[in-house]
Each structure stands twice: as C-alpha cells, then as structure tokens.
2 protein chains.
Amino acid sequence: MYSAEGDGGMDGLATPAAEVAPGRRTVTQRAIEQIKQMIAAGELRPGQRLPTERDLAAQLGLSRSSMREAIRALTVLGVLQARHGSGIYVTELGAGDLLETFGLMAEVVRGEQLLELLQVRRLLEPTATAMAAARITEPELAEVERHLLAMEDTDDPEELLTEDLAFHRAVVAAAGNPTLAAIVEGLSSRTFRARLGRGRQEPGVFAQVRKDHARIHRALAARDPEAARAAAAVHIAEVEDWLRAHMDDWR
Amino acid sequence: MYSAEGDGGMDGLATPAAEVAPGRRTVTQRAIEQIKQMIAAGELRPGQRLPTERDLAAQLGLSRSSMREAIRALTVLGVLQARHGSGIYVTELGAGDLLETFGLMAEVVRGEQLLELLQVRRLLEPTATAMAAARITEPELAEVERHLLAMEDTDDPEELLTEDLAFHRAVVAAAGNPTLAAIVEGLSSRTFRARLGRGRQEPGVFAQVRKDHARIHRALAARDPEAARAAAAVHIAEVEDWLRAHMDDWR
DNA sequence: TGCAGCACATTGGTCTGACCATTGAGGTGG
DNA sequence: CCACCTCAATGGTCAGACCAATGTGCTGCA
C-alpha cells in the first residue's frame, strides 16, 4: 500500500561491519535499522549491554532524543530492554520476547479479523496439542492437570479465565516448540478472551469448557496424538461458532 | 512542573472514556497504553487523524519528547502512522499493518529457533495452500502462474528470490484469510530467505524449487486441496531438511 | 474566468541542554 | 566482616528552539 519499495541493493560497499544503512527517511529509522542489523550480524549478543544512550547517539551520529526514540522502538519490539540507572541490554531474543507484540493484534482488531485470528489458532493449536501428546513428560502432564482441577474448583469468572489460559499455555508449552507456543499464546491473549468472555458467563458454557479440557487432558495422559488433536479442534471450533453467532456485538 | 504533587489517585472523574491507565513505570508507557486503549475502545477509528503531537502531549499531561517516544512505539507496532507536515493517523489496522513486526523475528533469530519458525510455517502453509485450492479465482490463479513463469525465465538469484516470495505470497493470499497470509508472509520474509539462500545457489536446488512450485500450481489449477496441501508440505519439508543439515553455519 | 504558482501557517523531525530518579559500586565506620 | 552511606553513572523527563515537509489559500498571469 504505502510501503514505497524497499532497500535497493545498490550499495556495493565492503560493509566493514554492519554500520551501514541506506537513506531511510528519518535518522531514528536509520538508527533502528543499524542496531537491528548489529544484532542480526551477531555483533550484539543476547543479554549483552549496549553503550549508554549518550554514547550510542554520538557513535551513530544523532541526538540523544532521536536515539531514545530508536531505543524505545526496539524496546516495544522485544529486542532491547532498558533498566533505569543500569543500562540498555539486548533481550534473550527468545520467542517470548519477540512475539510479545503479537498479542497486540488481538487487542486492537475487530469484526471479521477476529474470526481470521481464531481460524489461525484453529490451524495451530490442534497440531500443537497433538505434538504435546507425543512427547509430554510427567511433570508437564501434572502441570496441565493442576490447571484442569483448579478450573473445576472455582466459579469465579476471573479465576476461571486465568486457569483457562494457564491450561492452554501448559498444553502448548509441552509441544516442545517455544516459538509455536508464543504465537498461540498471542492468539489467546487475556485481553482477547476477556473480550470474548463478556456475556459468555452462562453456566452451560463453562461446563462445556470443562468437559473439553478434561477430554484434552485424557488424550494427553494416554499419549494419543490424534485424540488430542481432535479434542483441541472441537474445543476451538466451539469458541469459533460462538463468536460467529455473536459477531454483531463487535461490528 | 512535573514534580508538582505527584499523581494521587484522588481524581474521581467519571472516566469520560478510556483516558485512565494504571501507574505504569514511565509516562511514555502510560501514554502508549492510553492511546492503545482509545483505539481498542473504538474512540479512534482506522484512518482517523489524531491531534498534533503538541496537543496530544498537553492532553495526556506529558512533554512532547515523551509523547513522541510513545508515538514512535505505536508506529513501529503498525498502529499509528506519522506523515511529516500532515499529521498522525491511525492505520487501517489491517493484518498487514499489525503483523509487519512479525517478520522481525525471522531477521534476528538464530540457531534452533530458525527451525522452530520453519516448523510453524510447515503447520500453516500447507493448510493455507489447500484452502487456496478450494477457493482460488481465475485472476488469482493467473497471478500465481505469472510468478511461476517469471521464475522459470530467469537465473538471476536476486530475481529468483523475489519471484519465489511473490509466488508464495500469491498462493497464500488466495486462501482468503489476510491475517493468515500476513503471518505466513512474516515467516518467509525476504531477509529470512536471503539468510537461508546463502550458499543455496546450487543449480539443483533451484531446479527442485521450480518443480515444487509447478506441482503446487497444478494442484491449484485442478482445485485439488489435498494435492495442494501435499505439494506445499513437500516443498517446505525440503527447505527444513536443508536447514537442518546446514544448521552449524548459524550456531 | 480559470488555473498555475508562490507564500505561509501547520505539523512532524531533530537538536541541545538541563534536571530528576534509580542503580550499583566503592568507600566508611562500627 | 558487614551494614550503611556516598556518589558517579545512567536511563527518564522536560523545555524550547529550529529545520523540513505538507497543504492551503491567495496572487497574478493567461
């Protein structure tokens, strides 16, 4: 749409390191690109501390204000982390760090896109659950069971939501792919489900969720991937149906 | 005049809309949250123009510098868009806008996580391709074919990469789920594949890619979802195998 | 009358320099 | 030897100035 073109590959420099960045529009954008590239090139390692804002600004040739904007940008993107009084550090660059922003979509989006989002989850979570069934360990299974039981022991909607989320998180975490887990996590963010949850307080819904979770847990305990996949698929399909029926509320 | 008296929780406003945000650490973080919430609450609609930086800063009670950091943050997150000399606008909040940052992960990540990323793609793209086969239109199919032929007509690695990306983009776009398309797009970002591509220039590889693409195209033309799914799965599995074999290069 | 083109107010982009608040290391005294 | 204090380093915030792109309205020529 608006994204002009991209970086033309015109500069045939020897690229001493990674301090070169094409003429982006703003100096801040350039700084973002430069730091990003330093990380991509491995010059900055996870956990490593960067120079101070003042030094960085001097090195890259811009003012501290603009450098701060660049740092802020990389901070919200989960690449950097600033500690007041201490310094600026590269995050661990784990899936959790980098995909934290993924949940934003679930917070802001409306209407049709909510369905699209749920559809993606329907593609991922059943498979993730099946993967979990194939490799889940006893402690992981116990964790899943813990949240299953906690959810059966309470009727407080708030706590139910918390345990519901924790249950799914525990299941997907057992799939052994942290990146996948972080993505699914973003698709099921608290905000997202809270939005869905409004008016979903009918007892029948909760009972159904509990049954679904129990079925998923049984499949995991039996190490039966296909049963797990099916159970997860049914669970999500129910949410999807419900959302489709109540779509008008967000139009 | 910022140290005045500290923000006591004394203001018992009727909370006119969504201008309340808990005591985040920094004023900038608070501003980010406030603007985000205004959008989530529907007070700011897609495409709408915001007040000027100066006015916004005054309204939310912080300096222009800090407000600029907040705006920069929401800009890189794909929520806002600043136009020099014109103003600040809410983006269309489309999947493309909000998931642009998703590609960052492919740029920065290394080692094991590359495999995790590719595994997620393996979960999504075959299904997306199958969906496309079930509903692709003639113009969309023509677009796919165009990139298929373009890729067979050139041997320039750069152009091959471009057409390779465009081919996949066209296929996934035909699946009818823009959110899914944006996610897969992020998983296959140019940077990512460029990194993979280094040393992947052996003619045999290109020939294989061309055959895979042709197979996918045939399945789409035949409107055969399962054949399409299989063709896409094979294609990705090949990349995955190659990466697994050459992992050491990024360790 | 119509429209090309200039002038200028608006608004984002950048810089400078100051001060505040937190952190952590090094020194001090019990 | 350790608790405590002091203080330099460093991120967080603010203020005000100027630059640069934009868009609008007025001017003046055809």
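Protein chains get the first letters and strands the later ones, always in sequence-line order, with residue 1 at the start of each.
Going from atom CZ of R25(A) over to atom P of dT22(D) covers 10 Å, rounded to whole Å. Distance R30(B) CZ to dT13(D) C1': 11 Å, rounded to the nearest Å. Atoms CD (E69(B)) and C1' (dC14(D)) sit 11 Å apart, rounded to a whole Å. In this structure, CG of L60(A) is placed 16 Å from C1' of dC15(C), rounded to the nearest angstrom. One can place CE of M67(B) at 15 Å from P of dT11(C), the figure rounded to the nearest angstrom. A straight line from CD1 of I88(B) to P of dT22(D) spans 15 Å, rounded to a whole angstrom. A straight line from CD of Q29(B) to P of dA21(C) spans 19 Å, rounded to a whole angstrom. Separating the CG atom of L50(B) from the C1' atom of dT10(C) is a distance of 16 Å, rounded to the nearest angstrom.
Evaluated for a side chain to side chain contact (heavy atoms under 4.5 Å, CB included) with L180(B), the options M131(B), E125(B), E185(B) yield exactly one hit, M131(B).
In this structure T179(B) satisfies the side-chain hydrogen bond (donor to acceptor under 3.5 Å, both in side chains) test together with E116(A), sequence neighbours excluded. Applying the side-chain hydrogen bond (donor to acceptor under 3.5 Å, both in side chains) criterion to E53(B), with sequence neighbours excluded, gives R64(B), R68(B). Scored by the salt bridge (charged side-chain N to carboxylate O under 4.0 Å, His left out) test, R54(A) finds no partners at all (sequence neighbours excluded). Applying the side chain to side chain contact (heavy atoms under 4.5 Å, CB included) test to D153(A) and every residue at least two apart in sequence or in another chain returns nothing. Looking at residues two or more places apart in sequence or on another chain, you find no side-chain hydrogen bond (donor to acceptor under 3.5 Å, both in side chains) involving T28(A). Remark: L44(A) engages I35(A), M38(A), I39(A), Q48(A), L50(A), V90(A) in a side chain to side chain contact (heavy atoms under 4.5 Å, CB included) (not counting sequence neighbours). A173(B) pairs by the side chain to side chain contact (heavy atoms under 4.5 Å, CB included) definition with nothing, not counting sequence neighbours. By the side chain to side chain contact (heavy atoms under 4.5 Å, CB included) test, R49(A) is found to be paired with T52(A), Y89(A), residues two or more places apart in sequence or in another chain being considered.
Here salt bridge (Lys or Arg N to Asp or Glu O under 4.0 Å) pairs that include residues 79-88 of chain A, with residues two or more places apart or in two chains, number zero.
Using modelled atom types and a 3.5 Å distance limit, the side chains of E159(B) and T162(B) yield no donor-acceptor pair.
Counting only heavy atoms from C-beta outward, the side chains of L115(A) and R244(A) approach each other to under 4.5 Å.
Looking at which nucleotide of DNA chain D each of T26(B) and R49(A) is closest to, the 5′-most match is held by R49(A). If you find the closest nucleotide of DNA chain C to Y89(A) and to V27(A), the one lying nearer the 5' end belongs to V27(A).
Residues from residues 74-84 of chain A lying near DNA chain D, meaning a heavy-atom separation below 4.0 Å, are A82(A), R83(A), H84(A) in numerical order.
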Base-pair map of DNA chain D as dot-bracket, where | denotes pairing with a different strand and pairs are Watson-Crick or G-U under 3.5 Å: ||||||||||||||||||||||||||||||
Every protein N/O within reach of nucleotides 16-18 of chain C N/O, cut-off under 3.5 Å:
| residue | atom | partner | partner atom | Å |
| --- | --- | --- | --- | --- |
| dT16(C) | O4 | S65(A) | OG | 3.0 |
| dA18(C) | N6 | R64(A) | NH1 | 3.4 |

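Contact annotation: S86(A) does not reach the phosphate of dT22(C) (side-chain N/O to OP1 or OP2, under 4.0 Å). Of the side-chain N and O atoms in R68(A), none sit less than 4.0 angstrom from OP1 or OP2 of dG11(D).
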